[in-house]
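Written below as structure tokens is the structure these notes are about.
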Amino acid sequence: MKLVVMGTGPFAVPTCRRLAAEGLHIALCVTRPITQPAPKKMPARPVHEWATAQGIEVFEPPSINAPQSIERLRAVGADLFFVCDYGQILSAECLAAARLGGINLHGSLLPRHRGAAPVQWTLLRGDREAGVSVIHMSPRLDAGPILAMARTEVLPDETAAELEPRLAELGPDVTMQSIEMLAGWDGTSPLGTPQDPQLVTRAPRLHKSHGQLDFRLPAEYLARLVRGLQPWPGTFAELELSGGKTIRVMLRRARAISATMKMESAQTGSPPSLIVDAKAPFASTPAAPPGTVAMVNAPALGQDWAAPWDQVLAIQTGQGLLLASHLQPAGKRTMTAAEW
């Protein structure tokens, strides 16, 4: 079977390797071009690097749906397009340039999380299960029938940076299953399982503004933000230190706990101190305002956590405490809360 591979980011690379190892003829690799003028720091394009190393011709059209791009694809005479982490939606005319159309490897359990950031939104929405899906493509975003799917449990404290490569390794098997299904397809009979439109959720592209933490929100949600927005755009907050100094801090690892801070009565001439009430439920109104910060030892929380969670930066939220074990002050390296 003759294939055209379309991809840019790292998610597609394990499957591209498998396609080549299985002896499939990859006639062309299509990837997103570098924008002009080129940035000083060239962005990583793992699929481009893989194809170049394999001696596969690379095509970098600004628009895959432009007439000249479609003519270039028709000239290849491919049986099938394999699309993953590419960044452009293929039109019906473009898909028709391959005999069997296209398949797309997507980083979620469709129809959940259609869009550009499925792995991140899997964590942001608190899903306990993640996975990959292969669909027979239609011109609508991630909307074709499902050919194959693989599932995995979301691990405790797992970030998007850790979950994404695990999901990428699920891609080769389901992609090969899908290609085998298409190899015997007559082109007219129903193929795959249609997606239920009532179960669709969206996974739109992320922006830097998504990373600003609002401590009036519940700690559970903020912890999901910290996990889901790694490594980009990351989560940050302006912390006010003693003496009124303010510093921007990126939170790199965080958990939520059902506890709250309370202001302890101050002696004359001294500032009030903070105490942590580990028995307070999530729903209670905290005595300390959201955004109040304290360094806390795990025993004070009634927790038996190992390093680096034995000493944490505790932040009062609108509901519960957000505990940060790793953070990055502006202009500094990432460090544990204890180091900071």
Side-chain angles (χ1 to χ4, degrees), residues 117 119-128 130 154-165 203-261 274 276 278 280 282 286 288-298 300-303 305-340:
V119 178
Q120 290 81 358
W121 284 97
T122 294
L123 295 177
L124 293 180
R125 292 206 170 97
D127 292 4
R128 296 180 180 271
V154 177
L155 302 177
D157 297 323
E158 192 167 31
T159 67
E162 295 161 341
L163 177 59
E164 186 162 336
R205 193 176 303 278
L206 297 167
H207 303 282
K208 277 193 173 183
S209 59
H210 284 104
Q212 185 163 13
L213 297 175
D214 182 349
F215 294 120
R216 295 170 296 182
L217 299 174
E220 285 280 7
Y221 175 71
L222 296 173
R224 296 203 305 265
L225 278 179
V226 174
R227 294 167 57 210
L229 300 187
Q230 301 297 333
W232 193 92
T235 49
F236 65 92
E238 305 288 342
L239 297 184
E240 185 175 338
L241 308 179
S242 59
K245 180 182 178 182
T246 300
I247 183 173
R248 172 168 288 197
V249 174
M250 301 284 290
L251 271 61
R252 297 300 189 187
R253 292 274 182 177
R255 291 176 178 174
I257 186 173
S258 179
T260 192
M261 292 186 194
L274 293 167
V276 175
F282 254 160
T292 303
V293 177
M295 287 298 297
V296 177
N297 293 319
L301 303 171
Q303 302 290 330
W305 289 334
W309 292 97
D310 51 354
Q311 189 174 25
V312 292
L313 184 73
I315 307 171
Q316 179 65 61
T317 73
Q319 196 175 42
L321 292 183
L322 184 68
L323 309 178
S325 70
H326 289 78
L327 44 85
Q328 183 178 4
K332 305 291 185 180
R333 65 175 177 86
T334 298
M335 61 189 73
T336 67
E339 288 176 314
W340 185 61

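Along the sequence shown, residues are numbered consecutively beginning with 1.
For the pair A219 and G320, the tightest heavy-atom approach, listed with the atom from each and the gap, is CB-C, 3.8 Å. The shortest non-hydrogen separation linking L123 to R224 is O-CD, 3.3 Å. The two residues A254 and L322 make their nearest non-hydrogen contact at CB-CD1, 3.8 Å. Of all heavy-atom pairs spanning A314 and L321, the tightest one is CB-CD1, 4.4 Å. A338 approaches Q311 most closely through the heavy-atom pair CB-OE1, 3.5 Å. The nearest pair of heavy atoms linking W309 to L323 is CZ3-O, 3.5 Å.
Evaluation of the side chain to side chain contact (heavy atoms under 4.5 Å, CB included) rule for R252 yields Q230, M250, H326, Q328, T334 as partners, not counting sequence neighbours. Residues passing the side chain to side chain contact (heavy atoms under 4.5 Å, CB included) test with A130, sequence neighbours excluded: T122, T152, V154, L163, L167. For R255, the salt bridge (charged side-chain N to carboxylate O under 4.0 Å, His left out) partners at least two apart in sequence or on another chain are D157. R216 meets the side chain to side chain contact (heavy atoms under 4.5 Å, CB included) test with D214, P290; sequence neighbours excluded. Every residue meeting the side chain to side chain contact (heavy atoms under 4.5 Å, CB included) condition with D310, not counting sequence neighbours, appears here in chain and number order: A307.
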Donor-acceptor list for residues 204-213 side chains, cut-off 3.5 Å, not counting sequence neighbours:
from, atom 1, to, atom 2, distance (Å)
H210, ND1, H207, N, 2.9
H210, ND1, H207, O, 3.4

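Note on residues 311-320: no pairs pass salt bridge (Lys or Arg N to Asp or Glu O under 4.0 Å), not counting sequence neighbours. Applying the salt bridge (Lys or Arg N to Asp or Glu O under 4.0 Å) rule to pairs touching residues 312-333 yields R333-E339, sequence neighbours excluded.
If you take CD on Q120 and OG1 on T159, they are separated by 10.0 Å, rounding to the nearest 0.5 Å. From L313, atom CG reaches atom OG1 of T336 across 11.0 Å, with rounding to the nearest 0.5 Å. Here the straight-line distance linking atom CH2 of W340 with atom CD1 of I247 works out to 6.0 Å at 0.5 Å rounding.
Checked by atom type and distance alone, the side chain of T235 pairs as donor or acceptor with a backbone atom of L251 at under 3.5 Å.
Environment of CZ in F215: crowded, with over 12 heavy atoms of neighbouring residues, nucleotides or ligands closer than 6.0 Å.
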Are L225 and L124 close enough, and set up right, to give a side-chain contact (heavy atoms from CB on, under 4.5 Å), and what steps lead you there?
-> CA-CA 6 Å; L225 278 179; L124 293 180; 3.5 Å; yes

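Looking at T260 and Q316, their side chains come closer than 4.5 Å, going by heavy atoms from C-beta outward.
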